Amino acid sequence: MAVYKKELRQSLQSWGIWTGAVALMMVVCVALFPEMKDEMEGVSSIFANMGGFTAAFGMDKLNFGEFMGFYGIECGNVLGIGGGFFAALTGITVLSKEEKDRTAEFLFTHPVSRASVLVQKLLAVLTQIITMNAVMVAVVLIAAAAVGEQFSGKQFFLLHAAYLLLMLEISFICFGISAFLRRGSAGAGLGLALALYCMNLLCNLSSKMEFLQWLTPYAYAEASEIIAGDGPDIGLIIAGVVLAAAVTSAGWLKYVNKDLAA
């Protein structure tokens with residue numbers, strides 16, 4: 001597991017910065033809620049009549065005067081964007097950096113197969129995503145307890161489970177794409193995450209664009225649907241798993257057969 005440990009050591013600083021920044025923003029949102037909840041009742045009625053803007057972010061289905069309604073929109077967007085971008089950046093660079101940094105030749109002079117390298121690098125990506133989400137859950141629970149807010153544990157954990165799946169799907173897709181890249185790839189990953197986020201906004205704005213929900217994980221991580229309904233859409237999750245598996249498999253086949261740049 002030498003490659004796995006090496007990846008975790010190399011990514012520790014990046015993981016710490018992203019996790020710390022996103023966690024801090026979520027804690028600030030939670031801490032502000034007690035001071036704002038009395039005014040949020042009126043804000044909910046205003047947002048409910050803002051047409052397309054309201055529909056794009058699902059604000060017509062949530063009550064901002066309740067903790068989970070406020071948390072789903074504010075913290076949900078912070079975790080969805082920040083976590084999604086981190087997942088994309090982590091997945092898209094994990095393979096291509098070996099060729100970009102000219103370390104592929106050194107790596108494969110050791111008695112390790114390409115399949116083993118792929119498994120260990122994918123495990124490193126999974127470890128970073130899962131630990132990031134565990135930290136988010138822990139800090140929010142602590143912050144909510146500190147300000148004395150109570151909420152539905154079921155809704156909370158369903159929401160975070162959906163965002164964990166979202167981040168895993170994005171990281172797997174970017175991991176697969178990474179096998180096809182030889183040079184700088186961070187921009188491609190961040191651009192893909194942004195495109196997936198915008199796809200979901202288009203789905204919410206226009207019924208003609210609803211087909212895009214089968215391509216973006218943000219569709220099943222909608223806070224408004226999870227909190228106001230029974231949880232994430234299982235059909236969309238299955239579609240996301242299939243898409244991520246297909247792209248990852250294509251990347252796997254590409255990487256084990258490609259000529260690596262020395």
Side-chain angles (χ1 to χ4, degrees), residues 1 3-33 67-68 70-94 119-175 189-190 193 196-197 217-218 220-223 225-227 231-232 234 236-237 240-241 244-245 248:
M1 298 295 285
V3 175
Y4 171 76
K5 294 177 181 178
K6 170 178 168 290
E7 286 294 329
L8 292 184
R9 285 195 302 269
Q10 288 183 337
S11 61
L12 182 59
Q13 183 179 29
S14 174
W15 178 90
I17 292 173
W18 277 90
T19 301
V22 176
L24 177 61
M25 294 177 68
M26 295 181 72
V27 168
V28 169
C29 288
V30 172
L32 288 175
F33 178 72
F67 179 80
M68 283 306 300
F70 178 84
Y71 182 83
I73 295 298
E74 299 298 332
C75 293
N77 278 314
V78 169
L79 184 57
I81 296 174
F85 279 22
F86 171 74
L89 188 62
T90 302
I92 203 72
T93 59
V94 71
V119 169
Q120 293 184 61
K121 283 179 173 287
L122 187 55
L123 285 175
V125 172
L126 289 173
T127 300
Q128 293 177 69
I129 300 299
I130 292 172
T131 53
M132 181 186 198
N133 280 268
V135 170
M136 297 305 160
V137 170
V139 297
V140 170
L141 289 176
I142 293 171
V147 299
E149 289 296 331
Q150 297 183 353
F151 50 90
S152 168
K154 178 182 177 181
Q155 292 177 345
F156 178 82
F157 285 107
L158 281 176
L159 183 63
H160 275 275
Y163 277 112
L164 172 59
L165 290 175
L166 175 150
M167 293 170 65
L168 290 175
E169 180 180 339
I170 292 176
S171 65
F172 270 60
I173 290 173
C174 289
F175 181 87
L190 296 176
L196 294 173
Y197 180 78
Y218 287 94
Y220 60 71
E222 280 276 7
E225 298 296 333
I226 295 172
I227 295 172
I234 301 301
L236 294 179
I237 291 177
V241 170
T248 303

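Source: prediction; values computed, not measured. Sequence positions, counted from 1, serve as the residue numbers for this chain.
- Ring-plane geometry between Y71 and F67 is classed as parallel, the angle between the planes falling under 30 degrees on a 0 to 90 degree scale with a further cut at 60.
- Between V27 and V140 there is no side-chain heavy-atom pair separated by less than 4.5 Å.
- F70 has its side chain out of reach of V30: every pair of non-hydrogen atoms, C-beta onward, lies at least 4.5 Å apart.
- When all heavy atoms are compared, the tightest approach of A31 to V147 is CA-CG1, 4.1 Å.
- For the residue pair T90 / W18, no side-chain donor-acceptor distance below 3.5 Å is found, with atom types taken as modelled.
- Put simply, the side chain of T131 gets close to the backbone of Q128: a donor and an acceptor are under 3.5 Å apart.
- Of all non-hydrogen atoms in A244 and I173, the two that sit nearest each other are CA-CG1, 4.0 Å.
- At distances below 3.5 Å, at least one donor-acceptor pair connects side-chain atoms of T248 with backbone N or O atoms of F172.
- Across all their heavy atoms, S171 and V125 have their closest contact at CB-CG1, 3.7 Å.
- Applying the side-chain contact (heavy atoms from CB on, under 4.5 Å) rule to I81 yields the partners F85, Y197; only residues at least two apart in sequence or on another chain are considered.
- Counting heavy atoms from C-beta outward, W15 and L8 have side chains that stay 4.5 Å or more apart.
- With hydrogens and angles ignored, the 3.5 Å screen pairs no side-chain donor or acceptor of S14 with any backbone N or O of S11.
- Distance check, rounded to the nearest 0.5 Å: CG of L236 to CD of E169 gives 10.0 Å.
- Taking each heavy atom of M132 and V22 in turn, the nearest pair found is CE-CG2, 4.0 Å.
- Minimum heavy-atom separation, I73 to N77: O-ND2, 2.8 Å.
- Taking NZ from K5 and OG1 from T127, the interatomic distance works out to 12.5 Å, rounded to the nearest 0.5 Å.
- Here the closest heavy-atom approach between residue G80 and residue L166 is recorded as O-CD2, 4.3 Å.
- Annotation: salt bridge (charged side-chain N to carboxylate O under 4.0 Å, His left out) contacts of E74 (sequence neighbours excluded): none.
- The closest side-chain heavy-atom distance from L122 to F175 is below 4.5 Å.
- Atom-to-atom distance recorded for C174:SG and L190:CG is 8.5 Å, nearest 0.5 angstrom.
- Two residues are said to be in side-chain contact when any heavy atoms from C-beta on lie closer than 4.5 Å; L141 and F151 meet this criterion.
- Remark: the backbone N or O of K121 is not paired with any side-chain donor or acceptor of E7 at under 3.5 angstrom.
- In this structure the side chain of V119 reaches within 4.5 angstrom of the side chain of L123, judged on heavy atoms.
- Shown here are the side-chain contact (heavy atoms from CB on, under 4.5 Å) partners of L165, two or more places apart in sequence or in another chain: Y220, I237.
- With contacts defined as side-chain heavy-atom distances shorter than 4.5 Å, the pair I170/Y218 qualifies.
- Here OH of Y163 is found 13.0 Å from CG of L158. Values are rounded to the nearest 0.5 Å.
- One finds the CE atom of M68 at 5.5 Å from the CG atom of L159 (value rounded to the nearest 0.5 Å).
- Distance check, rounded to the nearest 0.5 Å: CE of M26 to CE of M136 gives 6.5 Å.
- A heavy-atom distance below 4.5 Å is found between the side chains of M167 and N133.
- Distance alone, capped at 3.5 Å, is enough to place a donor-acceptor pair between the S152 side chain and the Q155 backbone.
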